[in-house]
2 protein chains.
Amino acid sequence: MATVKDVAKLAGVGSGTVSRYISGTGSVSRKSAEKIARAIEQLNYRPNSMARSLSSRRSDLIGVWVPSLEGPYYHMMIRTIESALRLHGKHMILANAEDAQSNEDRLAHLDYLINRDCDGILISSSLQSEFELATYAEKFPNLVVINHHTDELAGRSFSIDHDLGGRLAARHLLELGHTRVATITGRLSAQDARQRHHAFLDEMAKLGHPVPPKRIIEGAFSYAGGEQAVAALLATDADYSAVFCGNDKVAMVLIAELHKRGISVPGDVSVIGYDDVEFTPFTAPALSTIHAPIEEMSQSACHQLLNLTYGLDLPYQEHFEPSLSVRQSTGPYSS
Amino acid sequence: MATVKDVAKLAGVGSGTVSRYISGTGSVSRKSAEKIARAIEQLNYRPNSMARSLSSRRSDLIGVWVPSLEGPYYHMMIRTIESALRLHGKHMILANAEDAQSNEDRLAHLDYLINRDCDGILISSSLQSEFELATYAEKFPNLVVINHHTDELAGRSFSIDHDLGGRLAARHLLELGHTRVATITGRLSAQDARQRHHAFLDEMAKLGHPVPPKRIIEGAFSYAGGEQAVAALLATDADYSAVFCGNDKVAMVLIAELHKRGISVPGDVSVIGYDDVEFTPFTAPALSTIHAPIEEMSQSACHQLLNLTYGLDLPYQEHFEPSLSVRQSTGPYSS
DNA sequence: TTCAAAAATGGAACCGATCCCACTTTTGGA
DNA sequence: TCCAAAAGTGGGATCGGTTCCATTTTTGAA
């Protein structure tokens, strides 16, 4: 493989000039540029990215940490991030902490990224404690958090107003006449699950229809967790005409189970999800849900990370608002 | 940040000894090892991965090329690959060619990986022409292809017997008494879509119930393509009691559309998919499908790539067989 | 006890870029 | 035409590891 020196020699210039030509920084005369271009072509020269990284002290690598890769939620995120990074010539390396058993394990996954000398790190939070996030954020200035808001991380945390999202869900169900509703939440240790859940309950109560504990199931955001929670809900003798699910995955599981039992959606029970992932138009019936702008948020987080890390000036936005997306899984209450 | 030299000095040994200690190759006396370990601890030393890559001429980076990241199929692959690579201390970098307009564009995405000096490359094929694959495979010995079989790439291409898969689908429908079936295929330029499609048609014909052209819709494997194809199918006056979809995504779209039109599955129409992705247990009704061992195949491909690239000896398997997975979306024919 | 083979060692050369700096050439306003 | 400022240039030092090799130390069978 050819090196800068080979190119420089063939072009009859110094190695510094070749380097300047390639990186586009510094000035190179038209004449030199042409000679260099020809030499590069002739030698089929490609810069060695490791040598470049070593001497420039930047790897052009961005680490992305996610708590799981099950289901469409994180996939949409990954897809958006990969695309934004590639557009700017950066590469993503991924750490999926899904198989981590302990919190220590999860941090080990983060170290796996950090030891790789990433220029910047993107954490899709909701599971790490705020304390740990703050610790890492301090050590690591080029760190940005998706879907988690903390004041300490102002300008570096990107979030959706899940409080609003929870309320939108409550209002939608009440407007349809559902006063007795049930809900399946995610793990309440996660900020986003907690926010939407509390806001939902609060809004229901505020509007005169508090949700009693027997109609609240604390579940998880995975398919397996969803199945358990759905089974738990259907095993109670609670009486309800609508269910708010903490995410779309769980809503999908619920619809499938209701279908199996011959319970009509939305005829007998209305179901509303949260997130508005890829598949929501294609459940049967199509899922009414709270649209969370996951892709926009991910892109903003990416942009700001690139800004911090490489001194760019890409547009970004820290806070996003969810909106109601009504499809066919929710309908008016009929006794 | 501390360097090997700092460690060597503090430990009172030479830099070579430290290097040998860290990499685990070569021999280091117990006494030196202890001193080095102490020095590393004390200085909180972490090797610089770029310097290491430059001098050892290996980046520990594996490039992964996929034609798309929509839907669960490629994500299941990514998830498996990330996990296998992390287990062996390697990192994945991803190139999603989804936004590529031309074939040239798609190859540019491959170059994006190659220019990054990946030690090895994993291509999830089905879209690249065999010629291009062969060309790249020749240039690049550490290249492995998932879900595509070619004799030229013996030992480096991993595939599922989609011929068998197509036949299993046909037999299942016929056994249920469905003699008039329709099918929605993927793009037939892709090897995997072509194989299962032709085998399906062939098996139907062989068993006495050929599928007439009006009941064959060439679609795509995306949600949008699925919607179009489903619309096209439902717009014909073709008469059928079952539909074989080229993948689960399309089957899901079909079930949703049938539900919307009040057509019962499997009461009026049976639907069978292909792949057995994450969500198949959770459609309403749960999707009968051909189980393709995507995760096993991906892991094998990964293992063999690691073998080729780093001289390991991990177990792997080149060919996989699909199997029938019966759930609730297919049922006996009733006039 | 002896000594050849094996184990352990230190440090220089090297990987292939970038970046800095001292120096030369070009530019354009007075 | 002159000359200060700007543009362009060459090449050596540097980044922080690995690898090689000549040399020293240890090992254990005879």
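Below, chain A is the first sequence line, B the second, and so on; all start at residue 1.
- Between A:K9 atom NZ and D:dG10 atom P there is a gap of 15 Å when expressed in whole angstrom units.
- The interatomic distance linking A:N48 (CG) with C:dA17 (C1') rounds to 7 Å, in whole Å.
- Using five terminal pairs a side, the axes of the helix from C:dT1-D:dA30 to C:dA30-D:dT1 at its two ends make an angle of 20°, given in steps of 10 degrees.
- The side chain of B:V4 lies closest to D:dT18, out of C:dT18, D:dT18, C:dC15.
- As rounded to whole Å, 21 Å separates atom P of C:dC14 from atom CE of A:M1.
- Considering only side-chain N and O atoms, A:R58 lies nowhere under 4.0 angstrom from the phosphate OP1 or OP2 of C:dT18.
- As a whole-Å value, the separation of A:K5 NZ from C:dT18 P is 13 Å.
- The listed nucleotides are D:dG17, C:dT18, D:dT18; the one nearest the side chain of A:S55 is C:dT18.
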Any protein N or O atoms within reach of nucleotides 7-9 of chain C? Criterion: under 3.5 Å, listing atom names and distances.
| from | atom 1 | to | atom 2 | distance (Å) |
| --- | --- | --- | --- | --- |
| C:dA8 | OP2 | B:S27 | OG | 2.9 |
| C:dT9 | OP1 | B:S29 | OG | 2.7 |
| C:dT9 | OP1 | B:S32 | OG | 2.3 |
| C:dT9 | OP2 | B:S29 | N | 3.0 |

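- In the set C:dA17, C:dG16, D:dT18, C:dG16 carries the atom at the smallest distance from any side-chain atom of A:L54.
- Within 4.0 Å of B:S15, counting heavy atoms only, lies at least one base atom of the nucleic acid.
- Ring orientation note: the planes of A:H75 and B:H75 are close to parallel, at an angle under 30° on the 30°/60° scale.
- Side-chain atoms of A:S53 come within 3.5 Å of backbone N or O of A:R58 as a donor-acceptor pair.
- Taking side-chain N and O atoms only, A:R57 has no distance below 4.0 Å to OP1 or OP2 of C:dA17.
- For A:I36 and D:dT9, the CD1 to C1' distance is 10 Å, given to the nearest whole Å.
- Checked for salt-bridge contact, A:D60 and A:R52 miss the test: no charged N lies under 4.0 Å from a carboxylate O.
- In this structure, B:R46 atom CZ and D:dC15 atom C1' are separated by 20 Å, rounded to whole Å.
- Between A:R52 and C:dT18 there is a side-chain polar atom (N or O) within less than 4.0 angstrom of OP1 or OP2.
- A:N307 places a side-chain N or O within donor-acceptor distance of the main-chain N or O of A:D313, the cut-off being under 3.5 Å.
- Using a distance-only test at 3.5 Å, with no hydrogens or angles considered, a donor-acceptor pair links the side chain of B:R156 to the main chain of B:P141.
- Residue contacts shown for A:Y21 are absent, as no nucleic acid heavy atom lies under 4.0 Å away.
- B:N142 contributes a side-chain N or O that, together with a main-chain N or O of B:D119, makes up a donor-acceptor pair within less than 3.5 Å.
- Ring planes of B:Y112 and A:H91: parallel class, angle under 30° (limits at 30 and 60°).
- For B:S56, taking side-chain heavy atoms from C-beta onward, the closest of the listed nucleotides C:dG16, D:dG16, D:dT19 is D:dT19.
- Looking at every heavy atom in both residues, B:L43 comes nearest to B:A2 through CB-CB, 3.9 Å.
- Proximity of a side-chain donor or acceptor of A:D105 to a complementary backbone N or O of A:Q101 within less than 3.5 Å is detected.
- The closest side-chain heavy-atom distance from B:L113 to B:R116 is not below 4.5 Å.
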